[in-house]
Asks: 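First the structure, then my questions, so here it is.
These figures come from a predicted structure and were not determined experimentally.
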Amino acid sequence: MTDSITLTGLRVNAHHGVYDFEKENGQDFVIDVTVWLDLLAAAASDDVTQTIHYGELAEQITDAARHNPVDLIETVAERIAAVVLAHHPPALKVQVTVHKPQAPISVPFTDVAVQITRVRP
């Protein structure tokens with residue numbers, strides 16, 4: 001699996017978090033996704049149907065992150081990985097990073113993120 005499509009810095013405002021004020025007020029999340037697949041057929045044919053349309057992928061990822069508030073960004077990452085694998089048969093493996101740059105932490109920080117990798121069974 002050496003070929004991949006990467007989307008970096010997708011931004012979505014959502015209402016995830018352990019605390020009530022996070023669910024009430026919402027906050028920005030930043031999402032990075034890499035999908036591994038074989039791009040040889042797409043490159044040879046110059047046909048978008050032989051790959052994953054990254055515009056559609058971006059919409060699916062942000063929709064998955066935006067809806068149904070949960071406590072943990074781990075859950076959001078898992079949801080996104082499941083959507084990618086369910087909707088895109090060419091996807092062999094997916095890595096999802098969910099950043100929470102406004103996390104309620106009492107010390108100065110730049111970013112908090114979780115990263116998961118899932119492989120098609």
Side-chain angles (χ1 to χ4, degrees):
M1 290 185 277
T2 59
D3 303 338
S4 64
I5 295 172
T6 301
L7 298 172
T8 305
L10 297 172
R11 296 185 183 279
V12 62
N13 189 277
H15 296 262
H16 308 297
V18 173
Y19 301 108
D20 289 341
F21 68 86
E22 294 179 287
K23 288 197 171 82
E24 291 169 15
N25 301 332
Q27 61 191 291
D28 290 332
F29 295 84
V30 181
I31 303 161
D32 306 324
V33 174
T34 299
V35 183
W36 283 266
L37 67 164
D38 185 348
L39 294 174
L40 186 61
S45 66
D46 198 33
D47 181 358
V48 71
T49 65
Q50 299 296 310
T51 186
I52 296 174
H53 187 297
Y54 51 78
E56 294 173 4
L57 182 62
E59 293 284 334
Q60 293 164 344
I61 291 166
T62 55
D63 283 348
R66 184 177 292 116
H67 301 293
N68 301 320
V70 294
D71 289 348
L72 303 178
I73 58 176
E74 291 87 336
T75 306
V76 177
E78 192 68 42
R79 180 188 301 166
I80 292 167
V83 164
V84 172
L85 293 173
H87 289 90
H88 300 283
L92 303 172
K93 180 169 98 172
V94 61
Q95 183 175 69
V96 178
T97 306
V98 178
H99 304 264
K100 189 173 179 179
Q102 300 159 334
I105 297 175
S106 63
V107 298
F109 73 101
T110 301
D111 190 22
V112 171
V114 299
Q115 183 177 80
I116 65 166
T117 302
R118 299 294 178 261
V119 178
R120 181 175 299 286

Asks: Taking all atoms of both residues into account, what is the closest heavy-atom pair of Ala65 and Ala14, and its distance?
Replies: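 Between these two residues, the closest heavy atoms are O-CB, 3.5 Å.
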Asks: Out of curiosity, Trp36 CH2 to Arg120 CZ, how far, rounded to the nearest 0.5 Å?
Replies: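 Those atoms lie 14.0 Å apart.
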Asks: Rounded at 0.5 Å granularity, tell me how far CD in Glu78 sits from CG in Leu72.
Replies: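 Between Glu78 CD and Leu72 CG, I get 11.5 Å after rounding to 0.5 Å.
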Asks: Closest approach of Arg66 and Asn13, non-hydrogen atoms and distance?
Replies: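 What the structure gives for the nearest pair is CG-O, 3.9 Å.
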Asks: For the atom pair CG (Leu57) and CD1 (Ile80), what is the distance rounded to the nearest 0.5 Å?
Replies: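 With rounding to 0.5 Å, CG (Leu57) is 10.0 Å from CD1 (Ile80).
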Asks: Hey, any chance Val30 and Tyr54 share a hydrophobic cluster, counting ILVMFWY side chains that come within less than 4.5 Å of each other, even indirectly?
Replies: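 As far as the 4.5 Å side-chain criterion goes, Tyr54 and Val30 are not connected within one cluster.
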Asks: List in chain and number order the residues that pass ring pair (Phe, Tyr, Trp, His ring centres under 6.0 Å) with His16, two or more places apart in sequence or in another chain; answer none if no residue qualifies.
Replies: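 Ring pair (Phe, Tyr, Trp, His ring centres under 6.0 Å) list for His16, sorted by chain: Phe29.
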Asks: With respect to Val35, which candidate in Leu85, Thr51, Val84, Leu92 satisfies the side-chain contact (heavy atoms from CB on, under 4.5 Å) definition?
Replies: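 Testing Val35 for a side-chain contact (heavy atoms from CB on, under 4.5 Å) against Leu85, Thr51, Val84, Leu92 leaves exactly one candidate, Val84.
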Asks: Identify the two heavy atoms, one from His15 and one from Pro69, that lie closest to each other, and give their separation to 0.1 Å.
Replies: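 Heavy-atom minimum between the residues: O-CB, 3.2 Å.
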Asks: Please answer whether the main-chain N or O of Asp28 pairs with a side-chain N or O of Gln102 as donor and acceptor at a distance below 3.5 Å.
Replies: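 Here the side-chain-to-backbone pair exists.
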Asks: Could you tell me if Gln60 and His88 have a donor-acceptor pair between their side chains, going purely by distance under 3.5 Å?
Replies: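 Judged by distance alone, the side chains do pair up.
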Asks: With distance as the sole criterion, is a donor-acceptor pair present between the side chains of Asp32 and His99 under 3.5 Å?
Replies: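 On atom types as modelled, these side chains qualify, holding a pair under 3.5 Å.
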Asks: Find out if a path of hydrophobic residues (ILVMFWY) with successive side-chain heavy-atom gaps under 4.5 Å connects Ile61 to Ile73.
Replies: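 In one cluster: yes.
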Asks: I'd like to check Ile116 versus Glu74 (side-chain heavy atoms, cut-off strictly below 4.5 Å). Are they in contact?
Replies: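 A side-chain contact under 4.5 Å is absent here.
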Asks: Which pair of heavy atoms, one from Ala64 and one from Val83, lies closest together, and at what distance?
Replies: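 Scanning both residues completely, I find the closest heavy atoms to be CB-CG2, 3.9 Å.
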Asks: Same cluster or not: are Val76 and Val12 linked, directly or through other Ile, Leu, Val, Met, Phe, Trp or Tyr residues, by side-chain heavy atoms under 4.5 angstrom apart?
Replies: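 Yes: a chain of side-chain contacts under 4.5 Å links Val76 to Val12.
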Asks: Atom CD1 in Ile52, atom CG in Leu39: separation rounded to 0.5 Å?
Replies: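 Atom-to-atom, Ile52:CD1 and Leu39:CG are 8.5 Å apart.
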Asks: Which pairs with one or both residues in residues 39-50 pass side chain to side chain donor-acceptor pair (under 3.5 Å), sequence neighbours excluded?
Replies: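 For residues 39-50: Asp47-Thr49.
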Asks: Apply side chain to side chain donor-acceptor pair (under 3.5 Å) to Arg79 and list each qualifying residue two or more places apart in sequence or on a separate chain.
Replies: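 Counting only residues at least two positions away or on another chain, Arg79 forms no side chain to side chain donor-acceptor pair (under 3.5 Å).
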Asks: Around Phe21, counting heavy atoms of other residues, nucleotides and ligands shown, do more than 12 lie under 6.0 Å from its CZ?
Replies: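 More than 12 heavy atoms, drawn from other residues, nucleotides or ligands, come within 6.0 Å of this atom.
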Asks: Once rounded to the nearest 0.5 Å, what's the spacing between atom CD1 of Ile5 and atom NE2 of His53?
Replies: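 Rounded to the nearest 0.5 Å, the CD1-NE2 separation comes out at 10.5 Å.
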Asks: Roughly how far, to the nearest 0.5 Å, is the NZ atom of Lys100 from the CG atom of Asp111?
Replies: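 Answer rounded to 0.5 Å: 11.5 Å.
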Asks: May I ask you to say whether Lys23 pairs ionically with Asp20, meaning some side-chain N is under 4.0 Å from a carboxylate O?
Replies: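 No.
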Asks: Same cluster or not: are Val98 and Leu7 linked, directly or through other Ile, Leu, Val, Met, Phe, Trp or Tyr residues, by side-chain heavy atoms under 4.5 angstrom apart?
Replies: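 Shared cluster, yes.
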